[in-house]
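Data first, discussion second: the structure below is written as structure tokens.
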Amino acid sequence: MSKLMMALCCLMLAASPLALAQDKAAKKEPTEAQKKQQERMKSCNAKAGDKKLEGDARKKFMSACLSGEDAGTSDKQKAQQEKMKACNKQAGDKKLEGDARKKFMSSCLKG
């Protein structure tokens with residue numbers, strides 16, 4: 001019986017460094033996209049907390065906020081984003097690249 005206990009103890013001691021190595025390998029740094037999403041989550045969660053939202057209202061707000069619809073962007077920012085989309089589409093339709101695209105986008109965004 002004591003030999004069996006001794007064998008089990010040795011087996012556990014031998015396996016523990018392998019388990020620690022797996023834990024370290026599993027903890028890798030988040031990507032830039034993941035970091036950005038985490039920041040967006042923090043920001044939206046704080047805003048929902050400030051508004052004291054709960055239940056379905058909170059879920060709806062968080063969904064809109066995370067998709068960028070209600071992330072605190074002003075009407076002016078939304079208008080600029082729409083303008084950017086339109087100019088980008090026009091540049092794509094004209095198949096502009098490089099400096100020509102930069103020049104077109106600059107003049108398009110200025111008005």
Side-chain angles (χ1 to χ4, degrees):
M1 184 72 164
S2 65
K3 288 183 182 181
L4 179 62
M5 291 296 278
M6 184 71 102
L8 283 173
C9 287
C10 289
L11 182 61
M12 289 176 67
L13 286 173
S16 63
L18 294 175
L20 290 174
Q22 286 178 343
D23 286 345
K24 288 182 182 177
K27 294 180 183 177
K28 58 183 177 182
E29 288 294 314
T31 64
E32 288 301 316
Q34 289 170 330
K35 287 179 184 178
K36 187 175 179 181
Q37 182 65 14
Q38 288 170 348
E39 288 301 316
R40 183 179 288 150
M41 282 288 285
K42 281 183 192 177
S43 174
C44 291
N45 200 27
K47 289 176 186 175
D50 292 344
K51 293 182 179 190
K52 297 181 175 35
L53 297 175
E54 294 180 0
D56 288 339
R58 185 181 185 95
K59 287 179 187 177
K60 186 176 179 181
F61 172 81
M62 287 295 289
S63 178
C65 182
L66 291 172
S67 67
E69 293 172 14
D70 191 15
T73 56
S74 67
D75 290 337
K76 188 176 181 181
Q77 288 172 323
K78 287 180 184 178
Q80 181 66 18
Q81 289 172 349
E82 290 301 316
K83 195 174 197 181
M84 184 75 154
K85 284 181 188 177
C87 291
N88 199 28
K89 184 177 181 337
Q90 290 174 12
D93 291 344
K94 293 180 179 184
K95 297 181 178 153
L96 297 175
E97 294 181 355
D99 289 338
R101 184 181 184 94
K102 287 179 187 177
K103 187 175 180 180
F104 172 79
M105 289 295 289
S106 178
S107 64
C108 181
L109 291 172
K110 286 179 183 173

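We number each residue from 1, following the sequence as shown.
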Measuring from atom [atom1] of [X] to atom [atom2] of [Y], what distance do you get when rounded to the nearest 0.5 angstrom?
X    : Y   : atom1 : atom2 : value
K35  : E29 : NZ    : CD    : 5.5 Å
R40  : C65 : CZ    : SG    : 8.0 Å
M105 : K83 : CE    : NZ    : 11.0 Å
K47  : R58 : NZ    : CZ    : 13.0 Å

Search all heavy atoms of A64 against all heavy atoms of S67 and return the closest pair with its distance. O-OG, 2.9 Å

Closer than 4.0 angstrom, basic N to acidic O: yes or no for E39 and K36? no

Above 12 or not: heavy atoms from other molecules or residues under 6.0 Å from CD of E54?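 Not more than 12 within 6.0 Å, no.
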
Take atom NZ in K60; do more than 12 heavy atoms of anything else shown fall under 6.0 Å from it? no

Less than 4.5 Å apart, side chain to side chain, heavy atoms only: is that true for L96 and Q90? no

Can you find a pair of side-chain heavy atoms, one from Q37 and one from M41, that are under 4.5 Å apart? yes

